[in-house]
Protein chains: 2
Amino acid sequence: MNMHSTKQTDIQIDHILKHNQLSVTDSRKKILELFLQSNGALAHGDIEKKTGEKFDRVTVYRTLQVFMEKGIIHTIPTADNAVRYALCKDECTEGHHHDNHVHFVCNACGNTICLEEVHVPEVKLPKGFQPTEVQMIVSGICKECH
Amino acid sequence: MNMHSTKQTDIQIDHILKHNQLSVTDSRKKILELFLQSNGALAHGDIEKKTGEKFDRVTVYRTLQVFMEKGIIHTIPTADNAVRYALCKDECTEGHHHDNHVHFVCNACGNTICLEEVHVPEVKLPKGFQPTEVQMIVSGICKECH
DNA sequence: AAATTATTTGCAACAAAGTTGCAGAATATT
DNA sequence: AATATTCTGCAACTTTGTTGCAAATAATTT
Ligand SMILES: [Mn+2]
Ligand SMILES: [Mn+2]
Ligand SMILES: [Zn+2]
Ligand SMILES: [Zn+2]
């Protein structure tokens, strides 16, 4: 039963990598799998822990870097100097991201969650400021911890 | 003329420190001075560079930590793993911050600016999510670089 | 203003996080 | 199956952040 449930994910993982012209390697598969399984965003450290001794730290760095470049994941800035990463929706491409959604950081469980359905509201800037991207990070208590 | 212009700032610096029950030391004075002079936010690294050999790295860490605890400065999360710090308005106290303003990060000059006059808009979260703080970071081209 | 007390600093010694070049391994292509 | 391409792990290194403690500095008391 475990074999069946993973199979569907495996196909998905394979597709994401090939679609982005990346060779399908163990580390990339495993890290993508982690993102797909996780309901929240992951910090570099989280991935290192979850992969254990499986891969070198350097490989994790480089994999995240490549995923970023390809638009497979996006970053979520945090106040604790530990940027989180989360999967992008399909529409995201190398240059152009479509993730103008709000992020929630739970102060209880520490989870960082993409609120895909909550759009970042517009904001009027003073004369001369030309915005290209807007990040909105809400912290508090998440649904689970409430 | 330089001596006069600094005198006013010196009084201000002294007041901030005493008002927060902090002993008035060279490092604290110097770092506060940097914040007052700078029109943008400062990363830990910026401060280290600007103070040169004057203080130990550890002192800079501890000073920023104390300023944070006292509500003298606030953090601005960034995607580059280098949290920026900026002065709080007077109304901020140890526990309670009043800095619900938008921050702007310029992709040209790299400056991070507090847009004190631009308030963070309200946002409606899904059921169960209890917000306590909202951060909004806009990146693009700033007024100066435009 | 000198002595006492309390606080802060710098140093040393670490730990953790991130970077780079390169040879060998794994993947993709022919 | 052979070759070309890409990726990974290792080593060696730099940068960033942490902690304990003695000496230095600042605040308080006499
Ligand atoms: Mn997201
Ligand atoms: Mn600010
Ligand atoms: Zn939670
Ligand atoms: Zn600028």
Side-chain angles (χ1 to χ4, degrees), chain A residues 10-11 13-34 41-70 72-73 75-85 94 110 112, chain B residues 10-11 13-34 41-70 72-73 75-85 94 110 112:
Chain A
D10 285 355
I11 293 167
I13 288 169
D14 214 74
H15 173 259
I16 294 173
L17 290 173
K18 284 187 174 149
H19 183 255
N20 286 281
Q21 290 138 14
L22 292 173
S23 6
V24 180
T25 67
D26 287 351
S27 50
R28 288 172 180 170
K29 278 193 284 187
K30 181 64 189 168
I31 292 175
L32 258 188
E33 192 187 325
L34 284 179
L42 299 172
H44 171 94
D46 298 329
I47 295 167
E48 258 190 64
K49 273 166 215 143
K50 294 197 186 199
T51 51
E53 306 289 290
K54 232 168 165 334
F55 309 108
D56 196 84
R57 269 161 16 85
V58 180
T59 303
V60 178
Y61 281 113
R62 293 199 267 228
T63 304
L64 289 173
Q65 203 176 287
V66 169
F67 284 2
M68 276 296 293
E69 284 164 11
K70 292 294 184 178
I72 298 171
I73 56 177
T75 52
I76 302 148
T78 53
D80 67 344
N81 263 344
V83 172
R84 308 301 151 87
Y85 301 88
E94 196 140 345
T112 300
Chain B
D10 285 355
I11 293 167
I13 287 170
D14 213 75
H15 173 260
I16 294 174
L17 290 174
K18 284 187 174 147
H19 183 256
N20 286 283
Q21 288 136 14
L22 292 174
S23 8
V24 180
T25 67
D26 286 352
S27 50
R28 288 172 181 171
K29 279 194 284 185
K30 181 62 188 171
I31 292 175
L32 258 187
E33 192 186 324
L34 284 179
L42 299 172
H44 172 96
D46 298 329
I47 295 168
E48 260 190 62
K49 274 166 213 142
K50 294 197 189 200
T51 53
E53 305 290 291
K54 232 166 165 332
F55 309 109
D56 195 83
R57 269 162 15 86
V58 180
T59 301
V60 178
Y61 280 113
R62 294 200 268 226
T63 303
L64 289 173
Q65 204 175 287
V66 169
F67 284 2
M68 276 296 293
E69 282 164 15
K70 291 293 183 176
I72 299 172
I73 55 176
T75 51
I76 302 148
T78 53
D80 65 345
N81 262 343
V83 172
R84 307 302 152 87
Y85 302 88
E94 196 140 344
T112 301

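Each chain gets a letter, A, B and so on, in the order its sequence line appears, and its residues count up from 1.
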> Who passes side-chain hydrogen bond (donor to acceptor under 3.5 Å, both in side chains) against A:K29, sequence neighbours left out?
Replying inline: none

> Mind checking what makes side-chain hydrogen bond (donor to acceptor under 3.5 Å, both in side chains) contact with B:K18, not counting sequence neighbours?
Replying inline: B:D14

Nearest-0.5 Å distance, [atom1] of residue [X] to [atom2] of residue [Y]:
X: A:R28; Y: A:L22; atom1: CZ; atom2: CG; value: 5.0 Å
X: B:Q65; Y: B:K70; atom1: CD; atom2: NZ; value: 13.0 Å
X: A:L32; Y: A:F67; atom1: CG; atom2: CZ; value: 4.0 Å
X: A:I31; Y: A:L64; atom1: CD1; atom2: CG; value: 5.5 Å

>> Applying side-chain contact (heavy atoms from CB on, under 4.5 Å), can you list everything that pairs with A:R57, at least two apart in sequence or on another chain?
In response: A:E48, A:Y61

>> My understanding is that only residues two or more places apart in sequence, or in another chain, count here; which of them pass side-chain contact (heavy atoms from CB on, under 4.5 Å) with B:T78?
In response: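 Result, side-chain contact (heavy atoms from CB on, under 4.5 Å) vs B:T78: B:D80, B:R84.
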
> How do B:V24 and B:H44 order along DNA chain D: which one's closest nucleotide is nearer the 5' end?
Replying inline: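 Checking each residue's closest nucleotide, the 5'-ward one belongs to B:H44.
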
> On DNA chain D, nearest-nucleotide positions of B:K18 versus B:E48: which is more 5'?
Replying inline: B:E48

> Can you tell me how far P of D:dT18 sits from CG of A:D80, to the nearest Å?
Replying inline: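 From A:D80 CG to D:dT18 P: 11 Å.
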
> Just the endpoints, please: which first and last nucleotides of DNA chain C, 5' to 3', lie under 4.0 Å from a heavy atom of chain A?
Replying inline: C:dA17 to C:dA28

>> Return a single string for nucleotides 5-13 of chain D, one symbol per nucleotide in 5' to 3' order, where B is base contact, S is sugar-phosphate-only contact and - is none, cutoff 4.0 angstrom on heavy atoms.
In response: -SSBBBB--

